[in-house]
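What follows is a short report on a single structure.
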There are 2 protein chains.
Amino acid sequence: MEARDVMNKEMQRTLLEDVAREAEVSTASVSRVLNRAPHVSKRLRERVEAAIDRLGYVPDGTARALASRRIGAIGALVPTLDNPIFSAMIDSLERRLKRHDCRLLIATYRYDLDDELQALRTLIQQGVDGVVLVGHDHRPAALTLLQRRQLPFLTCWHAEDDPDWPGIGFDNTAPARHLAEHLLMLGHRRLAVVSAPTDGNDRARARLEGFRQAAEAAGCPLPPERIVKVDYGIAEGAEAFESLMGLDRRPTAILCGNDTLAFGVMLAAQRAGLQVPREISITGFDDLPQARFMSPPLTTVAVPAGEIGRQVADGLIARIDGVTTPHRRLLDAPLVLRESTGPAPTD
Amino acid sequence: MEARDVMNKEMQRTLLEDVAREAEVSTASVSRVLNRAPHVSKRLRERVEAAIDRLGYVPDGTARALASRRIGAIGALVPTLDNPIFSAMIDSLERRLKRHDCRLLIATYRYDLDDELQALRTLIQQGVDGVVLVGHDHRPAALTLLQRRQLPFLTCWHAEDDPDWPGIGFDNTAPARHLAEHLLMLGHRRLAVVSAPTDGNDRARARLEGFRQAAEAAGCPLPPERIVKVDYGIAEGAEAFESLMGLDRRPTAILCGNDTLAFGVMLAAQRAGLQVPREISITGFDDLPQARFMSPPLTTVAVPAGEIGRQVADGLIARIDGVTTPHRRLLDAPLVLRESTGPAPTD
DNA sequence: CATATTGTTGTAAGCGCTTACAATAGATTT
DNA sequence: AAATCTATTGTAAGCGCTTACAACAATATG
């Protein structure tokens, strides 16, 4: 390995000090040029920039991070990237962060809040400049950790009024309620729900709550047996449908906690020979790209995933820069009525 | 802000030095315990660990990065996360990296290789311990950058034999060829292709090449007008279908570069009143979860996205640890024959 | 023209760890 | 028991930047 050692020696990286020497200025000046600090004369800047070009200097991020106490990256804690609605948000978040010259560290936790807390610890240890979380369901220790470090953070996706968690998101309950009201208005009286597991998932809880509110207000509350909770997935949705079909009094409409479950439900319904929506109405939540291409196209709620990513990026960067931003920002999540819902069958 | 200043003063973070003092050992010993270095007596370890617990010490990642020259994170360059096949890979990559106590920095580049190069520069500057890239289509400068820094890296998704780019992936050409052969065997003679743009995308090129090879070998080469290149998306697939239907001699089978395009093609075909596969056969590539739930279920190629993520994580970590791993690892991408393909119509 | 003010640059002290090397203690050999 | 070797621990010099502060120059003010 001698050759390798020699190489390593010859490969002396150019340091900021070398640039300073080359430009015949102090290291502080080079650093100021690099960081676009004020009070730098044009002459000096040009000399430094020329030296940087000549030497092909690239600053060392780790040294900069240690000295400046900012790493140039934020951390995002998301349940999973295996769900396109989250990956769409992360995609737009990352793209927008790039504009602010900020990188993105990702950590997933599979809806396990203890894992989330652990991942948060790791991110903080790495020195991230800010943190993005999904929803308001977190271990209390997570909040303590963020507050004690005075670390900028923002939640997203869910935005109920919560003094602890500043956030950018949308109301999950109201659109769910409207979806149910839409079905009730179409004459449905036996509603059923296929929901994602609600543990550690306030979005799922809020949607379920919205369904419940509407059902109760209309005088036809949801009995437990007509609320099925299943994991994320098309197959899971299909299974949920089958279990609902095993009931004595079958529902005439099924409200699903997300589009993917709705796809599964719809496929299973059609496989069972049911006409959608003539014999059974189905709703989703998310408005994934496929939703409008299903047959029939899915009635759902359009979740502004891309917009959330962008606004969270802007908002968190502002907070990192010490700018106070609104504690809560509510985006629109409009109902998208398509053809998977129709009048209740008259039996 | 006086109260704040006071707080900041009182909030003196615990440093490694404080732990050393508390445990009455040297800072080097604390560091050794922290890093599970060899030659640490049990007694010392226990004392240090007790002190760490007592003080609630959390090491500073940036200082550790500067001193040790590893940051505890790798960078992944992917075209986009808006495509579920990539986000599935990233999801499994991140989860597997966690096991190795390694974080993930994400950067997307929208298939723009100049953007990719720029993003690579930024990641290197951040000090990532390794880099994952997709495919072998990159600016030459990217390779130079990686080599000069002697930075461990691995490509994925595509794995042709290439001395420059070590990689873990699958053969994109052969399954594409097999798909086309499958159609030819079913009697189809007028094949068409709906491909993703091939610029900076060797996977798309390889698949197209596979389709071509089979078509030519069977004596019915693909004329240019029967090769449509469109951006990623269901709507884009649908549009491609319509442009193909404008041809004099319509194809009896359409090979799509990915499942999403195939969904679009299939929907447009059905909307146009065509029976799939009786009047037209359609194939995809990826085997997204929905593929088997389409009606009819989509014939496609199962891309091992999750397995790629895991193997890339293990492989890159090994390289970072100085372990030599195979230059190239080929995974299986099996054909999944379903009902969207059938005998050519006899007209 | 002396003085205050503002703008520009340099000096040098960290930032909080890791690790080469030195020192010491303990075990083993002869 | 002296000599040798090995396992353990400590000392201190960085890692490559940023930034508080000082110094000085240029400009404005009275």
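Hydrogens, waters and symmetry mates play no part in the numbers below; they use all other heavy atoms, side chains included. Letters A, B, ... are given to chains in the order of the sequence lines, protein chains preceding strands, and every chain is numbered from 1.
Sparse packing is recorded around CZ of R329(A), with 12 or fewer heavy atoms of other residues, nucleotides or ligands lying under 6.0 Å away. Enclosure of atom CZ in R99(A) is not indicated, since only 12 or fewer non-hydrogen atoms of other residues, nucleotides or ligands lie within 6.0 angstrom.
Protein chain B contacts DNA chain C from dG16(C) to dA20(C), reading 5' to 3' and using non-hydrogen atoms of the protein with a distance under 4.0 Å.
Scanning for side chain to side chain donor-acceptor pair (under 3.5 Å) contacts around E94(A) gives T108(B), with sequence neighbours left out. With sequence neighbours left out, D314(A) forms a salt bridge (Lys or Arg N to Asp or Glu O under 4.0 Å) with R96(A).
Residue R139(B) forms a salt bridge (Lys or Arg N to Asp or Glu O under 4.0 Å) with just one option from D114(B), D115(B), D112(B), and that option is D114(B). When each of L44(B), V48(B), V40(B) is checked for a side chain to side chain contact (heavy atoms under 4.5 Å, CB included) with R32(B), only V40(B) meets the rule.
Sequence order on DNA chain D of the closest nucleotides to A67(A) and V40(B) puts V40(B) first from the 5' end. Place R64(B) and S41(A) on DNA chain C by their nearest nucleotides, and S41(A) ends up nearer the 5' end.
Without hydrogens or angle criteria, D129(A) side chain to G72(A) main chain gives a donor-acceptor distance under 3.5 Å. Side-chain N or O atoms of D162(B) include one that pairs as donor or acceptor with a backbone N or O of D164(B) at under 3.5 Å.
With contacts defined as side-chain heavy-atom distances shorter than 4.5 Å, the pair H138(A)/W165(A) qualifies. Using a 4.5 Å cut-off on side-chain heavy atoms (C-beta onward), P304(A) and Q311(A) make no contact. Looking only at side-chain heavy atoms (C-beta outward), R13(A) and D60(A) come within less than 4.5 Å of each other.
The stretch residues 27-35 of chain B touches DNA chain C through A28(B), S31(B), R32(B), N35(B), each having a heavy atom under 4.0 angstrom from the strand. Near DNA chain D, meaning a heavy atom under 4.0 Å from it, residues 68-75 of chain A has S68(A), R70(A) in order of number. Taking a 4.0 Å limit (strictly below) on heavy-atom distances, residues 43-59 of chain A reaches DNA chain D at Y57(A), P59(A).
Between L34(B) and I52(B), the closest heavy-atom pair is CD1-CD1, 3.5 Å. For the residue pair A76(A) and L123(A), the shortest heavy atom distance occurs at N-CD1, 4.3 Å.
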